Amino acid sequence: MVRRPVAWIVAVVLFGEAFGVAALNWFLGVVVDRQDMSLAGLDPHMMSMSSKLGGIAFGLYFALCGLVALLVALRDRPPAGFGRVLLISAAVVHGLLGAVTWGLVGWSAFLFMVLVLGLIVLLLMTYDHPAEPADAAPEDGTGADGSPATAPPAPTTP
């Protein structure tokens with residue numbers, strides 16, 4: 001089974017990415033603050049704070065996604081409810097970031113984003129069990145109480 005190792009890898013990658021995104025945005029905020037230059041009349045302090053707060057917000061988002069993946073790895077159960085929605089949104093974010101990084105950063109960043117996207121999708125798909133109805137007939141043709149699973153033929157009139 002590859003489910004648990006994939007969940008562990010996704011958790012580690014998302015925690016690392018959370019730290020990296022937060023640290024990078026914090027660094028960019030410090031750089032903007034120290035240059036003390038205005039961009040089209042914008043306040044440099046406001047740009048610095050926006051970068052830092054955005055980095056913290058995205059870092060917490062990726063950390064929360066990593067926590068969901070960690071819980072999936074520990075419990076060996078599929079993500080449900082809000083956790084599943086969170087992982088799906090992280091996959092969408094990585095797809096969009098991958099499209100942007102291809103043009104702005106280069107193919108190596110694009111490959112990283114696609115790799116993380118693939119890991120998240122693999123995590124979601126390996127735990128995806130086909131839903132079987134509770135009243136499905138067993139293979140031997142009998143119901144749960146031992147009665148025939150199919151209805152008896154309808155009575156006919158002479």
Side-chain angles (χ1 to χ4, degrees), residues 1-139 144:
M1 290 287 186
V2 298
R3 295 186 313 192
R4 284 186 111 173
V6 167
W8 281 108
I9 292 170
V10 169
V12 168
V13 166
L14 286 175
F15 283 133
E17 193 172 11
F19 177 75
V21 165
L24 177 67
N25 279 331
W26 192 272
F27 173 73
L28 291 175
V30 168
V31 168
V32 167
D33 199 28
R34 288 189 181 164
Q35 285 193 358
D36 199 29
M37 294 177 5
S38 175
L39 178 67
L42 295 174
D43 182 24
H45 180 68
M46 186 62 69
M47 289 190 302
S48 171
M49 288 305 293
S50 298
S51 177
K52 291 175 183 178
L53 291 176
I56 290 171
F58 268 106
L60 289 174
Y61 168 71
F62 286 135
L64 188 60
C65 293
L67 180 66
V68 170
L70 181 65
L71 290 175
V72 167
L74 291 174
R75 295 178 181 166
D76 199 22
R77 290 191 326 208
F82 182 68
R84 186 169 181 84
V85 170
L86 203 62
L87 286 177
I88 290 171
S89 72
V92 170
V93 165
H94 280 87
L96 292 173
L97 286 176
V100 170
T101 58
W102 177 268
L104 295 177
V105 180
W107 62 270
S108 58
F110 170 76
L111 287 179
F112 175 75
M113 289 296 160
V114 170
L115 176 71
V116 177
L117 169 66
L119 284 171
I120 294 172
V121 170
L122 184 62
L123 169 67
L124 290 167
M125 295 303 294
T126 55
Y127 279 98
D128 195 22
H129 300 295
E132 188 173 310
D135 60 346
E139 292 185 24

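Please read all numbers here as calculations on a predicted model, not as lab measurements.
With contacts defined as side-chain heavy-atom distances shorter than 4.5 Å, the pair W107/T101 does not qualify. With a 4.5 Å cut-off on side-chain heavy atoms, E17 and L14 count as touching. Taking 4.5 Å as the limit, some side-chain heavy atom of F62 sits within range of a side-chain heavy atom of V93. Taking 4.5 Å as the limit, some side-chain heavy atom of K52 sits within range of a side-chain heavy atom of V30.
Here the CG atom belonging to L60 is positioned 11.5 Å from the CG atom belonging to L67, to the nearest 0.5 angstrom. Summarising the geometry, atom CG belonging to D76 is positioned 12.5 Å from atom CG belonging to L71; distances are rounded to the nearest 0.5 Å. Between the CE atom of M49 and the CG atom of D33 there is a distance of 9.0 Å, given to the nearest 0.5 Å. If you take OG on S51 and CD1 on I56, they are separated by 10.0 Å, rounding to the nearest 0.5 Å. Taking OH of Y61 as the reference point, atom CG of L64 lies at 9.0 Å (rounded to 0.5 Å).
When the options L123, V121, L122 are evaluated for a side chain to side chain contact (heavy atoms under 4.5 Å, CB included) with M125, the one that passes is V121.
When all heavy atoms of I9 and L119 are compared, the pair lying nearest together is CG2-CD1, 3.8 Å. Residues G54 and N25 approach most closely at C-ND2, 4.2 Å, considering heavy atoms. What you find for G98 and F110 is that their closest heavy atoms are O-CD1, 3.0 Å. The two residues C65 and A90 come nearest to each other via the heavy atoms SG-CB, 3.7 Å. Taking both residues in full, the closest heavy atoms of A11 and L70 are given as CB-N, 3.7 Å, listed atom of the first, atom of the second, then distance. For V10 against A69, the heavy-atom pair with the smallest separation is CG1-CB, 3.7 Å.
Residues forming a side chain to side chain contact (heavy atoms under 4.5 Å, CB included) with V31 (at least two apart in sequence, or on another chain): F27, Q35.
S50 places a side-chain N or O within 3.5 Å of a backbone atom of M46 that can act as its donor or acceptor partner.
For R4, the CZ atom is densely surrounded, since the number of other residues' heavy atoms within 6.0 Å is greater than 12. Sparse packing is recorded around CZ of F58, with 12 or fewer heavy atoms of other residues, nucleotides or ligands lying under 6.0 Å away.
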